[in-house]
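The structure appears below as structure tokens.
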Amino acid sequence: MVSKPAARDRLIVALDLPDVAAAEKMAAQLGDSVAFYKIGLELTYGGGLGLARDLAQAGKKVFLDLKLHDIPHTVARATTQVADMGATFLTVHAYPQTMRAARGALGGSSLKILGVTVLTSCDDSDLAEAGFAFGVKDLVARRALQAARAGVQGLVLSAEEAQAMRALVGPHMLLVTPGIRLAGGVVGDQKRVMTPARAIAAGADYLVVGRPVTQAPDPRAAAEAFVAEIAGAG
Ligand code: C5P
């Protein structure tokens with residue numbers, strides 16, 4: 001049995017907000033209710049790397065969702081920079097060469113690499129158009145196994161894929177799942193959603209939640225509701 005982190009550490013709140021000022025305000029409002037934040041490309045290019053550093057220095061965990069993919073030398077150097085910032089998770093596209101480069105650059109840091117197998121915006125025809133000989137299902141499985149072989153520590157995937165993926169990659173790979181909603185919550189543009197309890201039961205280690213917390217009338221209460229459900233499920 002692999003031991004799981006505390007419930008509060010398993011909730012990752014996506015700071016998908018237009019600018020750093022709004023993200024800082026949200027983090028201040030959430031206070032101790034949230035221990036782990038995800039910063040994506042939009043906020044990163046809007047000055048979010050400074051915020052990532054500040055959050056890490058304030059004792060928060062930071063997931064930099066940068067989806068790196070470049071020549072190995074560049075991926076390795078970028079990974080080192082992210083590790084030096086004190087981030088906890090970094091995403092890379094799950095190409096074997098890219099994953100090996102990021103994994104090899106971790107040194108003694110506590111940064112963990114998460115592979116993004118196939119973007120959920122891609123279907124079989126998108127992959128064919130891009131020149132791949134595999135459909136989504138086969139490419140996800142192939143890349144998940146390659147991630148395990150490359151020694152990356154985790155995968156980002158929909159909660160619906162978690163159970164099958166867990167069977168494929170074993171108990172030690174961290175499974176990080178977005179598309180999480182409390183029962184009866186607003187789904188928004190997510191096509192497939194799962195409750196925290198069901199995602200945990202399916203094998204998810206960490207849950208990424210954005211709008212249900214950041215757009216709630218009381219974000220702190222919303223975060224506490226997610227933590228409580230994770231605690232009850234874990
Ligand atoms: O607001 P919501 O809870 O839907 O946000 C989910 C977060 O997870 C967003 O930052 C989104 O970009 C990210 N994500 C996702 N689906 C994926 C990968 C990432 O929703 N397949």
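Whatever order the structure lists them in is the order used to number ligands and atoms, beginning at 1.
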**Message:** I want to check something: taking the side chain as every heavy atom from C-beta on, are Asp9 and Lys4 in contact at a cut-off of under 4.5 Å?
**Reply:** no
**Asked** Does the side chain of Ser109 reach to within under 4.5 Å of the side chain of Leu106, using non-hydrogen atoms?
**Response** yes
**Item:** Sub-4.0 Å heavy-atom environment of ligand 1, residues by chain
**Value:** Ala14, Asp16, Lys38, Thr120, Pro178, Arg181, Gln190, Val208, Val209, Gly210, Arg211, Pro212
**Request:** State whether the side chain of Thr117 and the backbone N or O of Val140 hold a donor-acceptor pair below 3.5 Å, judged by distance alone.
**Result:** no
**Message:** If only side-chain N and O atoms count, and only distance matters, is there a donor-acceptor pair under 3.5 Å linking Thr98 with His93?
**Reply:** no
**Item:** Tyr206 ring center near Phe63 ring center (under 6.0 Å)
**Value:** no
**Asked** Should we say atom CZ of Arg198 is surrounded by more than 12 heavy atoms from elsewhere, each under 6.0 Å from it?
**Response** no
